[in-house]
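Okay, so here's the structure we're looking at.
Letters A, B, ... mirror the listed sequences (proteins, then strands); counts begin at 1. Keep in mind the model is a prediction, meaning the values are calculated, not measured.
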Number of protein chains: 2
Amino acid sequence: MDDVEVMAGIFRLMGDPTRLRILLACLDAPQSVGAIAAATGASQSLVSHHLRLLRAARLVAGRREARQVFYVAADDHVRDVLRNLMHHAAEQGGPT
Amino acid sequence: MDDVEVMAGIFRLMGDPTRLRILLACLDAPQSVGAIAAATGASQSLVSHHLRLLRAARLVAGRREARQVFYVAADDHVRDVLRNLMHHAAEQGGPT
DNA sequence: CCAACGTATGAACAGATGTTCATGTCATTC
DNA sequence: GAATGACATGAACATCTGTTCATACGTTGG
């Protein structure tokens with residue numbers, strides 16, 4: 001596949017608010033699916049659906065711990081991108 | 001609007017291959033709409049439609065020069081994000 | 001083994017999105 | 001000022017996407 005399409009695929013995944021919140025929720029530390037659902041306010045089912053996509057793109061990695069499964073952002077580049085654009089958003093919202 | 005939604009909005013715009021190619025085409029130097037269309041292989045109409053969205057999000061800025069309009073990526077953060085993920089794609093495609 | 005908990009999956013649906021085709025607008029040239 | 005070139009816009013359409021609801025799966029405790 002073309003590099004551009006790979007990039008676009010990643011961006012598209014980050015382009016949904018719910019999925020972005022999920023990513024941000026497990027950016028620094030592994031979180032269980034339930035915890036992510038609670039943190040984002042999305043249903044458990046929806047979170048699981050999204051996590052499947054994020055996992056397929058290797059943006060998150062999941063590890064089973066007894067009954068729960070803990071997900072964490074799997075990529076340093078992704079972390080950088082997110083942090084970078086968070087600054088951007090902060091600037092755009094800017095000082096009122 | 002929430003910061004997360006702003007970020008997601010930007011990511012979503014970069015999440016379409018055509019639009020991403022358009023962005024990359026005018027990342028370093030201003031390009032006319034026709035030039036962008038030629039560079040990306042998309043129709044003039046489609047490029048114009050996408051440029052409208054990118055302009056609305058202030059990801060590109062357009063300047064009229066006689067008959068032509070030149071667009072250029074308008075934001076340093078965006079440039080950084082794109083370059084950052086280009087490296088990511090390079091790594092993922094990586095050494096076989 | 002049965003029940004309970006946490007997570008995953010599948011079907012179905014409403015709404016959004018990318019693209020095309022046709023046409024409109026603005027600036028230039030003759 | 002009519003014609004041409006470069007870009008913008010609008011309608012229409014097929015496709016994709018996010019969400020929900022119901023249900024299945026795997027793991028632990030009695």
inquiry  = Using modelled atom types and a 3.5 Å cut-off, is there a donor and acceptor pairing between side-chain atoms of B:R64 and backbone atoms of B:A66?
reply    = yes
query = Atom CZ of B:R19 and atom C1' of D:dC16: how far apart are they, to the nearest Å?
reply = 13 Å
key: Candidates D:dG5, C:dG18, D:dT19 - which lies nearest the side chain of B:L53   = C:dG18
query = Are A:H49 and the base of D:dT19 stacked, counting only ring centres nearer than 5.5 Å and planes tilted under 30°?
reply = no
key: Listed nucleotide nearest any side-chain atom of A:S45, set D:dC21, D:dG18, D:dG10   = D:dC21
inquiry  = Can you measure A:I36 atom CD1 to C:dT7 atom P for me and round it to whole angstrom units?
reply    = 9 Å
message = Rounded to whole Å, how long is the line connecting atom CG of A:L13 with atom P of D:dG18?
response = 8 Å
request  = Look at the side chain of B:R55 and decide which nucleotide, out of C:dT29, D:dT9, D:dT28, has an atom nearest to it.
outcome  = D:dT9
key: Length of the CZ-P vector between B:R12 and C:dA16, whole Å   = 10 Å
remark   = Winner on side-chain proximity to A:S48, out of C:dT9, C:dT19, D:dT20, is C:dT9
Minimum-distance nucleotide (side-chain atoms of A:R64 versus D:dT27, C:dT19, D:dT19) = D:dT27
request  = Go through C:dG6, C:dG10, C:dT7 for me and flag the one nearest to the A:S32 side chain.
outcome  = C:dT7
inquiry  = Under 4.0 Å, heavy atoms only, any strand: does B:Q44 hit a base, just the sugar-phosphate, or nothing?
reply    = base
Flag, side chain of A:R79 to backbone of A:A73, donor-acceptor distance under 3.5 Å = yes
key: Side-chain donor/acceptor of A:R83 to backbone N/O of A:L85, under 3.5 Å   = no
inquiry  = Strictly distance-based, threshold 3.5 Å: is any side-chain N or O of A:R19 a donor or acceptor partner for the main-chain N or O of A:R12?
reply    = yes
inquiry  = Among C:dT29, D:dG18, D:dC7, which nucleotide has an atom closest to any side-chain atom of B:V69?
reply    = D:dC7
query = Whole Å only: how far is the CG atom of B:L46 from the P atom of D:dA14?
reply = 18 Å
ask   = Closer to the 5' end of DNA chain D via nearest nucleotide, is it A:A42 or B:Q68?
value = B:Q68
query = So, is A:R52 near the phosphate of C:dT9, with a side-chain N or O under 4.0 Å from OP1 or OP2?
reply = yes
query = Starting at CZ of B:F70 and ending at C1' of D:dC7, how long is that distance when rounded to a whole Å?
reply = 12 Å
query = Rounding to a whole Å, what distance do you find between B:L51:CG and C:dT19:P?
reply = 13 Å
request  = With rounding to the nearest 0.5 Å, note down the distance linking CG in B:L23 to CG in B:L54.
outcome  = 5.0 Å
Distance, rounded to the nearest Å, where B:D16 contributes CG and C:dA16 contributes C1' = 13 Å
Sugar-phosphate, base or nothing in reach of A:Y71, heavy atoms under 4.0 Å = sugar-phosphate
